[in-house]
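One structure is given below, encoded as structure tokens.
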Amino acid sequence: MESRYDPEKVEARARAFWERERCFEVKEDPDREKFYCLTMFPYPSGQLHMGHVRVFTISDVIARYQRMQGKHVLQPMGWDAFGMPAENAAIQRGIPPAKWTYKNIDYMRGQLKRLGYGYDWSREVTTCRPEYYRWEQWLFTRLFKKGMVYRKNSIVNWDPVDQTVLANEQVIDGRGWRSDALVERREIPQWFMKITAYAEELLNNLDRLDGWPEPVKTMQRNWIGRSEGIELEFAVENEDVPLSVFTTRPDTLMGVTYMAVAAEHPLAVKAAAKNPKIAALIEECKKTQAAEAALETMEKKGMPLGISAIHPISGDAVPLWVANFVLMGYGTGALMAVPGHDHRDWEFATKYGLPITQVVEPLDGSTIDVQIAPFIEYGRVVNSGDMDGMTYAEAFDWIAGKFEADGRGQRRINYRLRDWGVSRQRYWGAPIPIIYCDVCGAVPVPDDQLPVVLPEDVEFTGVGSPLKQMPEFYQATCPECGKAAKRETDTFDTFVESSWYFARYACPDNHAAMLDKRESYWMPVNQYTGGIEHAILHLLYARFFQKLLRDEGLSAADEPFTNLLTQGMVLKDGAKMSKNKGNTVDPQLLIDRYGADTVRLFMMFAAPPELALEWSDEGVQGAFRFLKRFWTAVQGQMANPLGEKVDPALLDGPQKDLRRKTHQTIAKVSDDIGRRYTFNTAIAAVMELLNAVNRFDDPSPAGRSVVAEALDAIVLLLSPIVPHIAHELWESLGHRTPLVYERWPLADKAAMAEDVLEIVVQVNGKLRGRVLVAADADREAIEQLALADENVRRFVADNTIRKVIVLPARRLVNIVV
RNA sequence: GCCGGGAUGGCGGAACUGGUAGACGCGCCGGACUCAAAAUCCGGUUUUGGCAACAAAGUGGGAGUUCGAUUCUCCCUCCCGGCACCA
């Protein structure tokens, strides 16, 4: 062992050992308790960034800790390899997306190995490989036959200059990022998966996901957005077909003063034919982006259509408007507006001078004026004839009963969740396995013709998908009638690949089936770790896919991820690090300079996992310095002959103190890593212990024995975080068993016990003194000692003591005067 | 706009169940070692007053509950993430 800490050499030796021993390659072992530790696989963007290092280190720490708990740990790694950046690189540098992607994967795999993560590389999965995506194509064709997928028109961002569909990210201030042209909404046919069929289960199961963070579950609940309401029909003047609307507030039905329909609604289109002004507004509505955030923040605009609906109870004429915030894709594409009791309706009514009436009053009897602000809460119905005096629930039932009786409406459960559009008009993705035949329509590609392989050797220009220019790709024969037919050139949303990769890690080498019985050994994932930015989309799609796999008989698990840890973003200059923003920090420079352990240590020390971490280069040095001190401390111990085994009966005061600190630290770090996932406080506790060891100067055999025990503990406790240096130092401390096969240390309760406690004394909640008491002192004795403290007496003075709160467990006394 | 989260010394953060605010680290200041520098080691470091003991103030802003609030409740400000085609 070198006298100087040389991370380059230390880390190379540890890596060589793990590789030689194949420490992290695991096979199914029914006799052992499995622990599937997974982190969201990366997009191979070129090089690792700090966000990757953070999340992978968190996961590796948990995996190594669980391994030391005796679990049979699987930690795989792979590549979410389809996506837009590869196309962008192709446009900018003329490299085919496949070539660029594979090159990136090779480089990043090297970086991951250099960081010492304990992955089972034999299970590596790459989603752009046909042997991977063929199984999602296969599943898609099965779902097609089941009716779980369907095709319908939906809206995309259309760049009229580049003649291409843009991602929301590629639309900047309403314009195409390359052409600068105003983006338009365009309707095109696309494939959808029926996630709404599972809305109820996706919602209800959240209650059983005890290992998930509450905020993530809340976000998913709100996203699914279950609401109970009534679908009502309003007759329209001179129209045969009534206008159907969904409302969750039937109690406000008598407060409807206008109705609004989407620009694409048939009634609006009809009115536009006669009125050029309406036609112009509808045209304008199309010149907006598809993103919801853009729709919600844009100025609310509308125009009367010149026709009226008939109020189903009063029979009054209700004017019909077209409005840009009503979307054809949501519900019925029409809504009843109650400006007195809805925020958006109120703003629209105020802007256009539409009447606002009050039909609900507060339950507490207070007066409100709906002309000044809408009253949105539930209350008591007023100004509504037969419904007057009813509560929300009573009015709901009354309306539902009335309308169901005469067939003009019914109770309905509505979801905000929409079906998942999986079609992308892009090249670099998995081909959607469908063939269009003029006679037979859309036909799924038969099993024996799968996979539909994406040609990798293409020229990519950025104008449309190259697949559309490749007859050798799109020319096909209809599997049903054998006539010439055309293959689908759209590819899957990349969220499809990331919705089932976790199951495929169990059996990545199976070329005959999507999943096999090994899946049932490893799934579900015990611990899933990833960025909070995936709280909704990826995690909801993955949960949905798990249910599809289950219902196909491919898996027994209802939910894919038992425990979830969402790590905060690594920010630079206050924003998410991303290639687009050009604010990435390359971890490679730090690894080259300080080694992987320093980078891992710093990342875990800088902040708790759930918080956003603002990157700063300072502090990495401190982590390096600590490891050097750690190295030197173990060396100092080796300069002494190994101490004898600790005999607790023979220890003096300071020796007992150090030993107590050792065991308190073991207890704290076990809790911090095993339960709280606060690696930063675990590291701080170990730093304190090392500081205590370095201050401790006692060359006696007993003294050396407690130091040896402390150093053993430090090496074991830090080993999940800094595995390379720990591997080497463990050997240096004279242990024959390599550290990777060691168990996690146990805290000795007896060694942790204290015989004297320091009690804090407050007067009126302010700290005024501290007293030392025996650990077994009773409340009376503690109170007397507290009252006797000089500074405490000064503050109590002549005042009458009204109350004394004695909390021995909290080590606190509060005297109230 | 809607949903979720965050704000504590010069900086990253700690305080886990309502009970000592600032652990640990960075930075900075002083000292040791050195011809000198780097590295390393020792000491100090919330602000204000004080030689000190100690006192006062202090956890984004405002109110409230409590013997006691960084922690709970209400209102507000700013920042971050998501909003269905970034992954």
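Chain naming here is simple, since letters A, B, ... match the order of the sequence lines and numbering starts at 1 in each.
You'll find that the side chain of A/Pro608 is closest to B/A14, out of B/A14, B/G25, B/A39. Distances were taken from every side-chain heavy atom of A/Asn691 (C-beta onward) to each of B/A87, B/C24, B/C41; the shortest belongs to B/C24. In this structure, the nucleotide among B/C86, B/A57, B/G13 sitting nearest to the side chain of A/Asn168 is B/C86. Closest contact between the side chain of A/Glu533 and the listed nucleotides B/G81, B/A84, B/G27 involves B/G81. Checking B/C24, B/C85, B/A21 against the side-chain heavy atoms of A/Arg426 singles out B/C85 as nearest. When the nucleotides B/G81, B/G19, B/G12 are ranked by their closest atom to the side chain of A/Asn814, B/G19 comes out on top. Here B/C67 is the nucleotide among B/A23, B/C85, B/C67 with the atom lying nearest to any side-chain atom of A/Lys803. Counting only heavy atoms from C-beta on, A/Ala606 has its side chain closest to B/G12 among B/G19, B/U40, B/G12. When distances run from any side-chain atom of A/Thr218 to the nucleotides B/G4, B/C86, B/C24, the shortest one goes to B/G4. Considering only the side chain of A/Asn222, B/C3 comes nearest among B/A55, B/A14, B/C3.
When each of A/Arg416 and A/Met219 is assigned the nucleotide of RNA chain B bearing its nearest heavy atom, the one mapping closer to the 5' terminus is A/Met219. Toward the 5′ end of RNA chain B lies the nearest nucleotide of A/Ile805, the other residue of the pair A/His534 and A/Ile805 mapping further downstream.
A donor-acceptor contact under 3.5 Å is formed by the side chain of A/Arg770 with the base of B/U20. For A/Gln220 against B/C3, no side-chain N or O and base N or O form a donor-acceptor pair under 3.5 Å. Between the side chain of A/Glu292 and the base of B/C2 there is no donor-acceptor pair of N/O atoms closer than 3.5 Å. Side-chain atoms of A/Arg802 stay outside donor-acceptor range of the base of B/C67, with no qualifying N/O pair under 3.5 Å. Counting atom types as modelled, A/Asp493 pairs no side-chain N or O with a base atom of B/C85 as donor and acceptor under 3.5 Å.
As a whole-Å value, the separation of A/Phe82 CZ from B/A87 C1' is 15 Å. If you take CD of A/Glu610 and C1' of B/G6, they are 12 Å apart, rounded to a whole angstrom. Taking atom CD on A/Glu214 and atom P on B/G4, their separation rounds to 12 Å, with Å as the unit. We find that CZ of A/Arg768 is positioned 13 Å from C1' of B/U20, with the value rounded to whole Å.
Separation of the A/Phe605 and A/Phe626 ring centroids does not fall under the 6.0 Å cut-off. Remark: aromatic rings of A/Trp212 and A/Tyr528 are distant, center separation not under 6.0 Å.
Contact between the side-chain N/O atoms of A/Asn791 and the OP1/OP2 oxygens of B/A55 is found at a separation under 4.0 Å. At the phosphate of B/A39, neither OP1 nor OP2 sits under 4.0 Å from any side-chain N or O atom of A/Lys628. Contact annotation: A/Arg221 side-chain N/O to B/G4 OP1/OP2 distance is not under 4.0 Å.
Across all strands shown, the partner of B/G25 is B/C11, judged by Watson-Crick or G-U wobble contacts whose two distances both fall under 3.5 Å. Taking a pair to require two hydrogen-bonding distances under 3.5 Å in either a Watson-Crick or a G-U wobble arrangement, B/C83 pairs with B/G1. Nucleotide B/C78 is matched to B/G6 when pairs are restricted to Watson-Crick or G-U wobble geometry with both distances under 3.5 angstrom.
Not counting sequence neighbours, A/Tyr677 has no partner by the ring-ring contact (aromatic ring centres under 6.0 Å, His included) test.
Taking the six-membered ring where tryptophan is involved, the planes of A/Trp631 and A/Tyr5 are tilted, since the angle between them lies from 30° to 60°.
If you check residues 757-765 of chain A against RNA chain B, the residues with a heavy atom closer than 4.0 Å are A/Val760, A/Gln762, listed by number.
Note that the CD atom of A/Glu488 and the CD1 atom of A/Ile432 stand 5.0 Å from one another [nearest 0.5 Å].
Within the 3.5 Å criterion, the main-chain N or O of A/Asn691 finds no donor-acceptor partner in the side chain of A/Asn694. With hydrogens and angles disregarded, a donor-acceptor distance shorter than 3.5 Å links the side chain of A/Asn157 to the backbone of A/Leu166. At distances below 3.5 Å, not a single donor-acceptor pair connects side-chain atoms of A/Arg424 with backbone N or O atoms of A/Asp493.
Using a 4.0 Å cut-off between a side-chain N of Lys or Arg and a carboxylate O of Asp or Glu, A/Arg811 and A/Glu754 qualify as a salt bridge.
With both ends at atom C1', the span from B/G60 to B/C67 equals 28 Å, rounded to whole Å. Here, B/C54 and B/G6 have their P atoms 37 Å apart, quoted to the whole Å. Using atom P as the reference point in both B/G31 and B/A37, the two lie 12 Å apart (nearest Å).
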